Protein chains: 2
Amino acid sequence: MSKKSVPAASDTETRATSEHAPDLRLWLRMLACTNLIENHVRSRLRAEFDITLPRFDLMSQLERSPQGLKMGELSKRMMVTGGNVTGITDQLVGEGLVVREDSPKDRRAYLVKLTPEGRRSFRKMADSHEKWILELFSGMDEGQRGQLYGLLAALKTSASRVTGKK
Amino acid sequence: MSKKSVPAASDTETRATSEHAPDLRLWLRMLACTNLIENHVRSRLRAEFDITLPRFDLMSQLERSPQGLKMGELSKRMMVTGGNVTGITDQLVGEGLVVREDSPKDRRAYLVKLTPEGRRSFRKMADSHEKWILELFSGMDEGQRGQLYGLLAALKTSASRVTGKK
DNA sequence: ATGAAAATATCGACGCCTAAAATATCAAAA
DNA sequence: TTTTGATATTTTAGGCGTCGATATTTTCAT
């Protein structure tokens, strides 16, 4: 059993690398997957519809809430800051895809809604978008995808306990 | 059994929402998890070490490659564009945490390396960083984490086939 | 050797994103 | 009421990120 001959990590120079905790590797892998997919989607949205991912994302939130959403709601759902939502909304308003309506209940707030053109435009893009996602996940079988879905629920719960955010 | 009174989705106005393909939901959940964790790490890095996530990330790549990395290598590993790496590197050079050395093999290229101070600084941050990740994943048991790790490998393979990127 | 094509990095313009401060409104207590 | 504190949004300053263009160097087929 010849052990003992391992480098022995000289006092000063210190061992090399890849002694990462498994959790760290797990996180880095997850991040890599997400970036891979996100970058792909971003570039296809740009190439085929000349739109940015954040704008698409905002429209997507609105499509699910036809009654309109307040800026703060959008901010929460998109997981970005309020100031950021202001900018993205400005752009979409300029393109006629979205409107800011005064909230009847609260004069501080707006209700942001898709315009008819915004709705039309979004539906066309959403079809393609969904196909791209399908394609990206198509190398996993049904069972794997189901498992992954469940594990991510567990991760969300675990992380939320730490971050405080629901 | 009074059914029948459900909205019945009039011809034009069109049904509501949540008729998303399971894969789309899976992707959105994954994205939510990643954003949750990434935002948390970003804000702790800022609060406790006054550094940005991209700078930390770049330093982390260099720490694993003591021989130095070319700008293009950094770009690939960080999954961002070359122009972006130029900017982040400039900042780190300005802070004395990193140096650009001329590549002996190729006069177009640099070898970016951590300075001794950069190395010191990174090690301190990396310890905390790893603890944060551990904590965020701590609500999952060993088996779950292992499963997730495996499934992400499958996803990476699946997505890579589409994106072309290795 | 030469000239075309590919690789390496930077730059400029623009949009996303954050944190912190400013503005305006609301709600509730003094 | 008027103050106080919380909520909703915008603004500002600065860093990150993309794309496309440029300059330099290398590579490789002629």
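Computed from a predicted structure; not experimentally measured. The chains referred to below are lettered A, B, ... by the order of the sequence lines, with proteins before strands, and numbering in each begins at 1.
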Map A:R46 and B:R55 onto DNA chain D by nearest heavy atom, then report which one ends up closer to the 5' terminus.
-> B:R55

Comparing A:G87 and A:A109 on DNA chain D - which has the more 5′ nearest nucleotide | A:A109

Under 4.0 Å, counting only non-hydrogen atoms across every strand here, what does [X] touch: a base, just sugar-phosphate, or nothing?
{"X": "B:G83", "value": "base"}
{"X": "B:T81", "value": "base"}
{"X": "A:G82", "value": "base"}
{"X": "B:T86", "value": "base"}

Of the candidate nucleotides C:dT18, D:dT10, C:dA9, which contains the atom at the shortest distance from the side chain of A:M71?
-> D:dT10

Side chain of A:D106: nearest nucleotide among C:dT25, C:dA9, D:dT9?
-> C:dT25

Just how far, in rounded Å, is [atom2] of [N] from [atom1] of [X]?
{"X": "B:L58", "N": "D:dG15", "atom1": "CG", "atom2": "P", "value": "16 Å"}
{"X": "A:R100", "N": "D:dA8", "atom1": "CZ", "atom2": "C1'", "value": "12 Å"}
{"X": "A:N84", "N": "C:dG15", "atom1": "CG", "atom2": "P", "value": "13 Å"}
{"X": "B:D102", "N": "C:dA9", "atom1": "CG", "atom2": "C1'", "value": "12 Å"}
{"X": "B:K105", "N": "D:dT24", "atom1": "NZ", "atom2": "C1'", "value": "20 Å"}
{"X": "B:R107", "N": "C:dT10", "atom1": "CZ", "atom2": "P", "value": "16 Å"}
{"X": "A:R42", "N": "D:dT18", "atom1": "CZ", "atom2": "P", "value": "7 Å"}
{"X": "B:L74", "N": "D:dG17", "atom1": "CG", "atom2": "P", "value": "13 Å"}

Check whether the ring centres of B:F56 and B:F49 lie less than 6.0 Å apart, and answer yes or no.
-> no

Side-chain N or O of A:T52 less than 4.0 angstrom from OP1 or OP2 on C:dC16?
-> yes

Run the numbers on B:R46 and B:I51 for side-chain contact (heavy atoms from CB on, under 4.5 Å), then give the verdict.
-> CA-CA 5 Å; B:R46 167 178 282 275; B:I51 197 178; over 6 Å; no

Whether over 12 other heavy atoms sit under 6.0 Å from B:D141 CG | yes

If you find the nucleotide of DNA chain C closest to A:R108 and the one closest to A:I88, which residue's nucleotide is nearer the 5' end?
-> A:I88

Would you mind checking if A:R119 and A:E63 are paired as a salt bridge, meaning a charged N to carboxylate O distance below 4.0 Å?
-> no

Using a strict 4.0 Å threshold on nitrogen-to-oxygen distance, state whether A:R145 and B:D23 make a salt bridge.
-> yes

